[in-house]
Number of protein chains: 2
Amino acid sequence: MNLKSLAEALGLSQTTVSRALNGYPEVSEATRKRVEEAAVRFGYRPNSRAKGLATGRAMLIGQVIPTSTQHEMVNPVFGDFVAGASQNLAQHGYDMLLTRVPGDDEGKVYREFRARGAVDGVIIQAPDVKDDRIALLNRIGLPFIVHGRSTGVTEPYSWVDVNNTQAFRRATEFLLQLGHRRIALINGLERMDFAFRRRKGYIQALENAGLSADPQLMCTDEMTEQFGYMKTRRMLAFEDPPTAFLCASMISAVGIRRALQEAQLVMGRDVSVIIHDDDLSYLRNGEEIPIFTATRSSVRHAGEVLADALMQLISDPDHPPINQLLEAQLVVGSSTGPAPLKAARLPS
Amino acid sequence: MNLKSLAEALGLSQTTVSRALNGYPEVSEATRKRVEEAAVRFGYRPNSRAKGLATGRAMLIGQVIPTSTQHEMVNPVFGDFVAGASQNLAQHGYDMLLTRVPGDDEGKVYREFRARGAVDGVIIQAPDVKDDRIALLNRIGLPFIVHGRSTGVTEPYSWVDVNNTQAFRRATEFLLQLGHRRIALINGLERMDFAFRRRKGYIQALENAGLSADPQLMCTDEMTEQFGYMKTRRMLAFEDPPTAFLCASMISAVGIRRALQEAQLVMGRDVSVIIHDDDLSYLRNGEEIPIFTATRSSVRHAGEVLADALMQLISDPDHPPINQLLEAQLVVGSSTGPAPLKAARLPS
DNA sequence: TTGAAAGCGGTACCAT
DNA sequence: ATGGTACCGCTTTCAA
């Protein structure tokens, strides 16, 4: 059923039917009723491509699937982000177009998007420090918004980010308060802006406390389970091992837990662990105090916020860049809900 | 730059240019060269919607984002599946269209897809036992393929699935071989077909060994960390607690590990854990033998296989249903690679 | 081998 | 308030 046959069935012109269905004011209420009813009855839905061709809009937002380069694995929270984003895009009639890039020529995809008119805007994930996608997109004039920021990029662009620096500063401060002095940082690839910022927060907290970061306790790599496991194992073997861990990925966190579990059993070692992204938990004498950032839901939330911002940018081409810094949640309590911070101190 | 202006710039008709670019044989090699070169030079790319309107194909595969109903969280391997699928779709010029359904009227989305001609086919995720989406899609005639199967559906349909029954039967057998008799099953929602099948495999293995499953050791719920944690805690408190755990989600596995870590510290308890999806690991006296199914990469692989199958279905409307059962990987070794199975026996 | 022109299914301008 | 029609950018039949 297309517009033509619907119009014929109603004995009206395509123009009128189209107007009635799209809420134009010049249609009489009587005909509008009649048309809408018939549309439902016949199950008429306008063809997406025809509509897009006529209006010049794709009603699609593009996104390149972000895989960590080597292992080609996708960040497990990607699904949550996408769920949040597409939920709010849907409210504006938009869907999400996912593409995968063979090599590292992501720029080619954006040029294609633009040239083919395949999408009305794009979402950029996991920007690097000095990410060059931003300049490209600004240049080709494809509306976009970055999930995260890119240190070193001076030209204006829209972004929605979580305050990673603050989150890690606070988490480190919390551990320091508890008496920890040897705090390990299991970080992601620091060419990625968010990892870069997390380290910054960690170092800030240490320096504010008059301590300097021990290079031996900081490591950076792709966030695999293996990475978390190996690094933790190695660090626990130091003569002055860390008493707490700060980590930024639920995947690596599994590895850390595995290593700790092993260490406790083998060495009877009593260690604390603090984990960012999904849950931060502090373990002391077998009593666990979960501190969590509930990142899966906050990533989802970021997706929602970002989608709304992008819709604004698209509806108004002259809209100034939107920059939105989301407060990092850092709640101490059980994973069923926040609770007051318990200051469990490290025994001297 | 569109076809018209490209044709004008070349002093050729749109027809010829179109033909040259689409590899029609009747174009002279000389003009084809000339056209292709000019297309590159001008950065010409055919408009997606115009092309789609003319050809009647959307070059898009639809997919509804699968969220577990209550918590609205997305399975963390979703990204890996999508990466695999869209990689192979891209080889055929297809992209993926993601939609989120507000309520539970997923059927409405598929009708829309069909009526609007928004996609050429769809991928169905996480089918329930007796999933009714299958009948609907068969009825409305939208090509589709299911990632997983649906026990109880008799009409033919295409699917790509992993042998979950076998995987869990084998894992259970392995634990039995090692001397375990009290094996816990931390399962997903058993209305979902894959969870249903996993329990089947678990029970099969027990019965083959002349044992019957203890209802106390089987639980099923949404795969949250909390779920894994709480159930493990509870089961460890039994007077005859499990000595091994079989789990089907990396998220719940974190909870299980957390509970075990705690238990070891508090109770000095020595437990084994076996985890499906991402890693199966066996822990004994502090010596860990990882047994893993590498599910993140195998889910990715499933996405690739499924995409290829769907491309076949779409290119040939009369193609009979494609059913492909992927062997579940069950490898014993380190997480860097497979190694021979070590039969670490439980002390009697 | 090349070109003219009729769709594909809508929207929107200009009349009436 | 309603209708006629050009047009969006491409493919494809038919004619030359």
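Throughout, protein chains are lettered first and strands after them, A, B, ... in sequence-line order, and every chain is numbered starting at 1. These numbers come from a predicted model, not from an experiment.
Between the P atom of C:dC8 and the CG atom of B:L53 lies a distance of 9 Å, rounded to the nearest Å. For the pair A:K4 NZ and D:dG3 P, the computed distance is 16 Å after rounding to whole Å. One can place CG of B:L3 at 14 Å from C1' of C:dA4, the figure rounded to the nearest angstrom. Here C:dT2 presents its P atom at 12 Å from CG of B:L10, a figure rounded to the nearest Å. A:Y24 places its OH atom 8 Å from the P atom of C:dT11, with the value rounded to the nearest Å. Between the CZ atom of A:R57 and the C1' atom of C:dG10 there is a distance of 13 Å, rounded to whole Å. Regarding A:M59, its CE atom lies at a distance of 15 Å from the P atom of C:dG10, rounded to whole Å. Here D:dT12 presents its C1' atom at 11 Å from CG of B:N22, a figure rounded to the nearest Å.
Interface residues of residues 28-52 of chain A facing DNA chain D, ordered by number: A:S28, A:T31; criterion, heavy-atom separation under 4.0 Å. Of the residues in residues 11-19 of chain B, B:Q14, B:T15, B:S18, B:R19 come within less than 4.0 Å of DNA chain D through at least one heavy atom, sorted by number.
A donor-acceptor pair shorter than 3.5 Å cannot be found between the side chains of B:D193 and B:S150.
Between the side chain of A:N47 and the main chain of A:A50, a donor-acceptor pair closer than 3.5 Å is present.
For A:R100 against B:S86, the heavy-atom pair with the smallest separation is CB-OG, 3.7 Å. Residue A:R111 comes nearest to A:R139 through the heavy atom pair NH1-NH1, 4.4 Å, listed as atom of the first residue, atom of the second, then distance.
With values rounded to the nearest 0.5 angstrom, B:D120 atom CG is found 7.5 Å from B:M311 atom CE.
Remark on DNA chain C: of its neighbouring residues B:T55 and A:A54, the 5'-side contact belongs to B:T55, judged by nearest-heavy-atom nucleotide. Across the interface with DNA chain D, nearest-nucleotide mapping of A:E26 and B:M1 shows A:E26 to be the residue nearer the 5′ end.
Counting heavy atoms from C-beta outward, B:Q125 and B:I123 have side chains that approach closer than 4.5 Å. Side-chain contact between A:V74 and B:F78 is absent, with no heavy-atom pair separated by less than 4.5 Å. At least one side-chain heavy atom of A:F144 sits under 4.5 Å from a side-chain heavy atom of A:I134.
Among the candidates A:R149, A:R191, A:R133, the single residue satisfying the salt bridge (Lys or Arg N to Asp or Glu O under 4.0 Å) test with A:D128 is A:R191.
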